[in-house]
Amino acid sequence: MKIINDFNLNNLVRQNIRKLKPYQSARGELNDKNAILLDANENPFKNDYNRYPDPFQRKLKKEIAKHKDISESNIFLGNGSDEIIDLLIRVFCEPGKDSILINVPTYGMYEVCANINNVEVIKIELDTNFQIDTDKILASKSVPKIIFICSPNNPTGNIAPTELILNLLDNFKGIVVIDEAYIDFANEPSFLNKIARFPNLVILQTFSKARAMAGIRLGMAFANPEIIELLNKIKYPYNISQLNQDAALNALKNDKTSSRIIDILKQKQLIISELQKLSFVDKIWHSDANFLLIKFQYHNELFNFLKIKNIIIRDRSKEPKCEGCLRITIGTSSENSLLIDSLKQFEKLKVKSYEKNTIY
Ligand SMILES: *Cc1c(COP(=O)(O)O)cnc(C)c1O
């Protein structure tokens, strides 16, 4: 890969986006609560939602900034991280011409969003320990506009070592997106405090996992204000509804996140120790997240057995280097007990008979 030493944001942005005049709401920066609002054709009769929401979610960003100890100008909020992944591709990647680079197996939405936007996807396989292979990434012949690093990675569960990501940030001058959807479950720190050092860095986090708010669809991007401004420029004006802004503010006020994380991590250890007793478990991958990737014998039969027991898990066995692997989210203690009971039942009823008859 060609190493470009100076970072120039303008050169990375699509030409039409550079020139774009964004939609302007007439209300702009208005802060006077007593203003008579006759600009947006809303219905004047009051309920909690008769007005359009703040397009820049200032109240919510102020709270998030406090929680994360960063400036509001470093924050962009999206309708889930998924919206932000799509917006990043749309800001930087010329359809039919530019590419993104992903490290597979990984979260599926990077590729889906790229495909929707007719943007090529360069896929580099993780190594046998599911670590990112920076040499291979930097050796890629075509130069992507964006590299997506998912850390901790979904579905493998492991975090990428800091030195590897730093090496990439030092040597690649396109946009580097680190998707930290599961960072709150990991022992390693976030890259959030490195934004000032790297003008090409974007961090994604979400309310969907550790914050237990997947239902409201709220994703966060953290980056330098120049990148945040580009996202603001192309987003739908009112992308986060008033309902969702209110729910997020409430969740931040009554914050139960840290005790829930402790509970989930304890449950994860418990499940691991139970899994280790089962004869048909081949490998439990190390997890820095709220799920486990496990290699099973008879994984298809197990998947279907659990489905009959009304326990839904995720089949990742078709992903690169994931033969026989299923992904299981850590649930509540009673859900996990039912899972473990079913796994034991599977061993008793099924595995023994498969071994006897060697039916696969
Ligand atoms: C779950 C998950 C997300 C969350 O996406 P939202 O749209 O914010 O719910 C993002 N990235 C990864 C890798 C995930 O696994």
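Numbers here simply count residues along the sequence, with the first being 1. The shown structure was predicted, so the numbers you read here are calculated from the model rather than taken from an experiment. Whatever order the structure lists ligands and atoms in, that order sets their numbers, starting from 1.
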Within ligand 1, which atoms have a heavy atom of [X] less than 4.0 Å away?
| X | result |
| --- | --- |
| G80 | 6 (P), 7 (O), 8 (O) |
| A181 | 2 (C), 3 (C), 10 (C), 11 (N), 12 (C), 14 (C) |
| C150 | 13 (C) |

Is the closest N or O pair between Y110 and ligand 1 shorter than 3.5 Å?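 No - when backbone and side-chain N and O of Y110 are compared with those of ligand 1, no distance drops under 3.5 Å.
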Test your reading of the structure: does D179 have an N or O sitting under 3.5 Å from an N or O of ligand 1?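 It does: an N or O of D179 is found under 3.5 Å from an N or O of ligand 1.
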Check each heavy atom of K209 against ligand 1 and say whether those closer than 4.0 Å belong to the side chain, the backbone, both or neither.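 Side chain only.
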What I want to find out is whether [X] reaches [Y] closely enough, with some N-O distance under 4.0 Å, to be called a salt bridge.
| X | Y | result |
| --- | --- | --- |
| K61 | E72 | no |
| R217 | D82 | yes |
| K344 | E347 | no |

Any side-chain donor-acceptor pair under 3.5 Å between [X] and [Y]?
| X | Y | result |
| --- | --- | --- |
| T106 | N103 | no |
| N117 | D86 | yes |
| E42 | N50 | no |

Considering only protein heavy atoms, which is closest to [atom], and at what distance to one decimal place?
| atom | value |
| --- | --- |
| atom 9 (O) of ligand 1 | S208 OG, 2.6 Å |
| atom 6 (P) of ligand 1 | S81 N, 3.3 Å |
| atom 7 (O) of ligand 1 | R217 NH2, 2.6 Å |

Once rounded to the nearest 0.5 Å, what's the spacing between atom CD1 of I330 and atom CD1 of I272?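 Nearest 0.5 Å value for the CD1-CD1 distance: 7.0 Å.
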Among D82, I85, T206, which residue places a heavy atom closest to atom 8 (O) of ligand 1?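 The option holding the nearest heavy atom is T206.
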Honestly, is K283 close enough over F296, meaning NZ or CZ under 6.0 Å from the six-membered ring centre and within 45° of the axis?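 No, a cation-pi geometry is absent between K283 and F296.
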Strictly under 4.0 Å, does any heavy atom of Y182 approach an atom of ligand 1?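 In this structure, Y182 qualifies as a contact of ligand 1 - some heavy atom is under 4.0 Å.
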